[in-house]
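Just so you know, these numbers use all the heavy atoms, side chains as well, and skip hydrogens, waters and symmetry mates. Just so it is clear, the model here is predicted, and its values are computed rather than measured.
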Amino acid sequence: VGRQSQQQRQLFQSIADASVPLLSKFDVQGLSNLAYANAIVDSLPILKDGRTLFDHIAEASIPRLKHFTPQNLSNLAWSFQRSGTSHPGLFAKVANATIVSLDRQREEFEPQSLSNILLAFAKSGEAHPKLFERVAHHMVTALDDLDAFNPQELSNVVWAFAKAGEANTRLFKEVAIHILVMDRLDSFIPQALANIAWAFVKVGESDARLFGKLADHCVALGNLDYFDPQALAITVWAFAKAEISHPRFFEKVADHIVALNDLNSFAPQNLSNIIWAFSNAEELDLRVFEKVADHIGTLDDLDRFDMQELCYILWVFAKNEVSNPELFEKVANHMIDSDSLRGFDPQALTNTVWAFAKTEQSHPKLFRKIAKHVIALDNLDSFTPQHLFNMVWAFAIAEESNPRLFQKVARQIFALDNLDEFIPQNLANTVWAFAKAEEPNPRLFKKVARHIIGLDDLTSFHPQALGNIIWAYSIVKEVQPRLFAKVADHILELDNLHSFNPIVCSQILRGFAAAKIVHEPLVEKLKARSKEDTRLDLKSKKMLRRAYDEVYKSSKQKEIAAKKPSKHHYRPTSDGGPNVSQFFDDDIRDMLAERSRAKYARDFETADGIQEDLNSGGVFVHDVLKEWRADGVPYPYESNFRRSGGHNGGERGGRNNEKQLEKSRFENGEVYQSSKPNSAAKKPSKHDYRPSNDGGRNISNFSGEKIRKMLAERSRAKFGRDFEKADSIQAELNDEGVFVHDV
């Protein structure tokens with residue numbers, strides 16, 4: 001028994017050459033013994049016709065299977081599985097013959113024969129449900145008990161059922177009861193215990209009492225030295241998978257692993273199973289994680305590890321917030337040095353970047369390589385919504401933004417028929433990631449908004465998800481009023497806001513403020529929530545106070561904008577040609593009116609943005625002349641206006657344009673000119689402006705006294721370097737038909 005020497009191979013080859021012509025004369029015992037002998041020494045003789053000895057044995061055996069004893073059938077099936085030889089129809093014929101024998105010769109079936117037949121079918125991947133069903137029926141009903149099965153045979157039976165995917169509740173319950181009534185489990189070798197635990201978990205028949213007995217047995221042992229690495233890994237994996245809590249058992253396993261001199265005998269799969277088990281069982285023992293990390297760190301290279309296993313190990317470390325920079329650095333360098341990432345499936349790719357982002361381990365080279373790989377893929381159809389979310393979330397958190405990667409993910413999401421496969425938290429975090437990475441994608445944000453608006457309710461959204469959604473849409477300036485209204489209505493319908501922490505409340509309040517959406521009932525309810533919480537620390541109180549301030553400013557700006565002006569004072573230039581811009585005349589007038597309202601509300605950022613939109617669309621505005629033109633011909637000083645922010649009375653324009661020479665008066669307006677340059681050595685108590693000599697009568701909405709007071713106030717503001725206030729006064733004067741010449 002064992003591996004063959006050259007002399008042995010020659011001997012078995014000679015026997016095979018001599019046996020094949022005589023196979024028709026072999027009895028069934030001889031056929032099964034010939035197959036068994038060659039299989040047990042790993043002999044696979046090739047005959048002159050190019051076929052194997054096992055091919056010839058199969059052809060000779062199939063017509064005579066009805067004459068095979070249970071032991072012969074068992075040896076034949078086991079031999080073909082052991083040799084890795086597949087012959088069309090052989091296993092199906094053996095299964096049928098076994099079923100017939102169980103009906104006719106059930107007393108002749110020894111437990112070993114049954115377990116070996118099942119093992120052969122399970123290991124060879126030859127599915128035959130009727131065979132497994134018939135064997136289970138025989139064991140449960142025909143036998144008085146399972147005492148005839150020794151521990152190894154019993155573990156092989158349940159392992160075979162699990163491996164073949166053939167769950168049989170009655171059989172597994174009988175096996176569990178049989179083990180539970182045993183006084184001790186000393187007759188079970190470690191591998192048998194591991195196989196039983198694995199099998200019960202695999203078929204979903206986890207019995208807490210059975211697992212408790214297995215764990216108590218292991219804890220009672222003096223040590224776990226008899227467990228080989230695979231048996232140990234499988235056992236703890238099964239306990240974690242079954243969600244069976246047994247702290248003393250996990251502590252014993254941890255003590256055993258930590259006490260080992262090294263982990264060289266552990267296969268990569270064993271290591272990943274062990275740390276996953278400790279993680280999933282919530283029996284986190286940092287000693288085990290450190291031991292695994294140190295072991296990987298001592299290796300010359302990581303070629304023994306499958307890439308998927310490395311990714312999995314990093315993911316488990318990150319999931320448990322165990323940061324080990326040396327481990328992450330070594331794995332990252334190994335991945336970078338690999339020729340390509342073709343062996344990575346979507347799960348491995350996303351787990352890798354997620355783990356680095358979660359543990360705040362920066363590695364730009366690795367992120368660039370993964371981004372390049374994902375971008376080069378033909379499509380992302382194999383990526384689930386969870387994969388897509390994890391990918392963009394990780395890149396956003398790690399501040400490794402890659403526009404092409406985000407665009408590819410956005411296109412994949414947009415191409416989906418619907419977003420029903422996204423769980424609410426992932427959907428919220430996806431738009432959050434795009435906003436965080438400063439990668440706005442209007443089509444994506446609109447699709448997500450439509451999906452959320454179309455939902456019956458938002459009860460499945462966690463408060464943090466609601467906060468992330470509002471924050472994301474306000475940050476990228478993709479304000480969707482109906483979406484904001486839906487979130488507000490949902491919050492108002494809740495009986496209480498106990499699950500809304502200060503961060504979420506602040507996110508929602510500041511998001512509504514940034515979007516310039518005033519929703520007083522929502523604000524009042526969130527205020528009431530913060531007052532209810534007496535445990536708020538100083539940091540939380542400050543955060544909420546800033547949020548309320550922003551809401552107040554937003555509402556005040558909206559009130560001011562709602563008052564005046566309702567229209568603008570601009571007219572088309574008299575010497576302009578036909579409109580060749582991107583806008584219709586009505587659109588231009590609406591945009592100018594909106595710009596005037598923004599200036600009046602001191603929202604100069606919005607005003608500048610409208611001015612830039614007009615300019616880029618081929619519309620040029622002269623703030624002094626109160627004219628606009630869309631004939632493609634800019635005003636002489638248009639470039640100066642654009643550099644200064646787009647208007648003479650804006651946040652930046654008022655300061656930068658004070659010395660422009662092109663300042664004329666508007667017909668029938670009142671233009672004031674300064675009698676000296678705009679400088680002052682002292683704080684001005686009055687202004688240095690006088691009415692224009694060639695001006696007409698005052699047709700503005702302000703009296704002369706009112707104008708003089710406003711000019712004095714503007715001078716004081718400029719002297720105090722409060723240019724925002726000075727610009728606001730000038731904008732108010734301009735809007736009422738009063739124009740100032742600073743030069």
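Residues passing the side-chain contact (heavy atoms from CB on, under 4.5 Å) test with Pro325 are Ser323, Gln361, sequence neighbours excluded. Listed by chain and number, the residues in a ring pair (Phe, Tyr, Trp, His ring centres under 6.0 Å) with Phe305 amount to none (sequence neighbours excluded). Among residues two or more places apart in sequence or in another chain, the ring pair (Phe, Tyr, Trp, His ring centres under 6.0 Å) test is passed with Phe328 by Phe356. Partners of Asp420 under the side-chain contact (heavy atoms from CB on, under 4.5 Å) rule, at least two apart in sequence or in another chain, are Asn418, His451. For Phe289, the ring pair (Phe, Tyr, Trp, His ring centres under 6.0 Å) criterion is met by Phe317, not counting sequence neighbours. Checked against side-chain contact (heavy atoms from CB on, under 4.5 Å), Gln386 has the following partners two or more places apart in sequence or in another chain: Thr384, Phe389, Asn390, Asn426. Residues meeting the salt bridge (Lys or Arg N to Asp or Glu O under 4.0 Å) test with Asp495, sequence neighbours left out: none. When the salt bridge (Lys or Arg N to Asp or Glu O under 4.0 Å) test is applied to Arg510, the partners found at least two apart in sequence or on another chain are Glu550.
Within the 4.5 Å cutoff, side-chain heavy atoms of Phe383 are placed close to those of Leu377. Residues Ile275 and Leu271 form no side-chain contact, since every pair of their non-hydrogen atoms from C-beta on lies 4.5 Å or further apart. Two residues are said to be in side-chain contact when any heavy atoms from C-beta on lie closer than 4.5 Å; Thr430 and Val448 fail this criterion. No side-chain heavy atom of Val523 sits less than 4.5 Å from a side-chain heavy atom of Leu526. Using a 4.5 Å heavy-atom threshold, the side chains of Val203 and Thr169 count as separate. Lys358 is not listed as a side-chain neighbour of Trp315, based on a closest heavy-atom distance of 4.5 Å or more. Contact check for Leu310 versus Leu314: no side-chain heavy atoms found under the 4.5 Å cut-off. At least one side-chain heavy atom of Met307 sits less than 4.5 Å from a side-chain heavy atom of Ser338.
Here the CG atom belonging to Asp585 is positioned 11.0 Å from the CG atom belonging to Asp590, to the nearest 0.5 angstrom. Going from atom CG of Leu497 over to atom SG of Cys505 covers 6.5 Å, rounded to the nearest 0.5 Å. Put simply, CZ on Phe278 and CG on Leu286 are 11.5 Å apart, with the number rounded to the nearest 0.5 Å. Atom NZ of Lys447 is separated from atom CG of Asn441 by 11.5 Å, given to the nearest 0.5 angstrom. Interatomic distance, NZ of Lys446 versus CG of Leu444, reported as 11.5 Å (0.5 Å rounding). Rounding to the nearest 0.5 angstrom, the gap separating the CG atom in Leu483 from the CD1 atom in Ile452 is 5.5 Å.
Judged by distance alone, with hydrogens and angles left aside, the side-chain atoms of Ser506 form no donor-acceptor pair with the main-chain N or O of Pro502 at under 3.5 Å. Listed for the Asp587 side chain is no donor-acceptor partner under 3.5 Å among the backbone atoms of Phe583. Counting only distance, with no hydrogens or angles, the side chain of Lys202 and the backbone of Ala162 share no donor-acceptor pair below 3.5 Å. Formation of a donor-acceptor pair under 3.5 Å by the Lys369 side chain with backbone atoms of Ile336 is found in this model. Side-chain atoms of Lys525 come within 3.5 Å of backbone atoms of Leu494 as a donor-acceptor pair (strictly under, hydrogens ignored). A distance-only check finds no donor-acceptor pair linking the side chain of Glu493 to the backbone of His490 [under 3.5 Å]. Side chain of Arg482 to backbone of Ile453: no donor-acceptor contact under 3.5 angstrom is found.
Stacking of Arg443 on the aromatic ring of Phe414 is recorded, both the 6.0 Å distance cut-off and the 45° axial limit being met.
Salt-bridge formation is detected for the pair Asp623/Arg595: a Lys NZ or Arg NE/NH1/NH2 atom is positioned less than 4.0 Å from an Asp or Glu carboxylate oxygen. The pair Asp489-Lys486 does not count as a salt bridge, with every side-chain nitrogen at least 4.0 angstrom from each carboxylate oxygen.
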Pair Val487-Ile491, side-chain contact (heavy atoms from CB on, under 4.5 Å): steps then yes or no: CA-CA 6 Å; Val487 171; Ile491 295 174; 4.0 Å; yes
Worked verdict on Val619 versus Arg629 for side-chain contact (heavy atoms from CB on, under 4.5 Å): CA-CA 6 Å; Val619 180; Arg629 64 193 308 155; over 6 Å; no
CA sep, side-chain torsions, deciding dist, call: Ile313, Val331, side-chain contact (heavy atoms from CB on, under 4.5 Å): CA-CA 10 Å; Ile313 289 172; Val331 173; over 6 Å; no
Test side-chain contact (heavy atoms from CB on, under 4.5 Å) applied to Arg589 and Trp628, step by step: CA-CA 10 Å; Arg589 282 188 280 271; Trp628 60 269; 4.3 Å; yes
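Around CD of Glu329, the count of heavy atoms belonging to other residues, nucleotides or ligands within 6.0 Å exceeds 12. Heavy-atom contacts from other residues, nucleotides or ligands closer than 6.0 Å to NZ of Lys330 number more than 12. Within a 6.0 Å sphere centred on CD1 of Ile503, heavy atoms belonging to other residues, nucleotides or ligands number 12 at most.
Summarising the geometry of Leu427 relative to Leu419, their closest heavy-atom pair is CD1-CD1, 3.9 Å, with the distance given to 0.1 Å. Here the shortest heavy-atom pairing between Tyr312 and Ser272 reads CD2-CB, 3.8 Å. Between Ala357 and Trp393 the shortest heavy-atom distance is CB-CZ3, 4.0 Å. The shortest heavy-atom contact between Val201 and Ala238 is CG2-O, 3.3 Å. The nearest pair of heavy atoms linking Ala348 to Gln308 is CB-OE1, 2.8 Å. Residues Met391 and Leu349 come closest through the heavy atom pair CE-CB, 4.3 Å.
Listed by first and then second residue, the side-chain hydrogen bond (donor to acceptor under 3.5 Å, both in side chains) pairs that reach into residues 395-416 are Asp381-Gln412, Ser401-Glu439, sequence neighbours excluded. Applying the side-chain hydrogen bond (donor to acceptor under 3.5 Å, both in side chains) rule to pairs touching residues 343-353 yields Gln347-Asn351, Gln347-His387, sequence neighbours excluded.
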Donor-acceptor list for residues 239-247 side chains, cut-off 3.5 Å, not counting sequence neighbours:
residue, atom, partner, partner atom, Å
His246, ND1, Phe249, N, 3.3
His246, NE2, Asp216, OD1, 2.9

List the atom pairs, with distances to 0.1 Å, where a side-chain N or O of residues 465-477 and a protein N or O form a donor-acceptor pair under 3.5 Å, not counting sequence neighbours.
residue, atom, partner, partner atom, Å
Asn468, OD1, Gln464, NE2, 3.1
Asn468, OD1, Gln507, NE2, 3.2
Asn468, ND2, Asn429, OD1, 2.8
Tyr473, OH, Phe445, O, 2.4
Tyr473, OH, Ala449, N, 3.1
Ser474, OG, Ile470, O, 3.2
Ser474, OG, Trp471, O, 2.8

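Judged purely by distance below 3.5 Å, without hydrogens or angles, the side chains of Glu321 and Thr359 never pair a donor atom with an acceptor atom.
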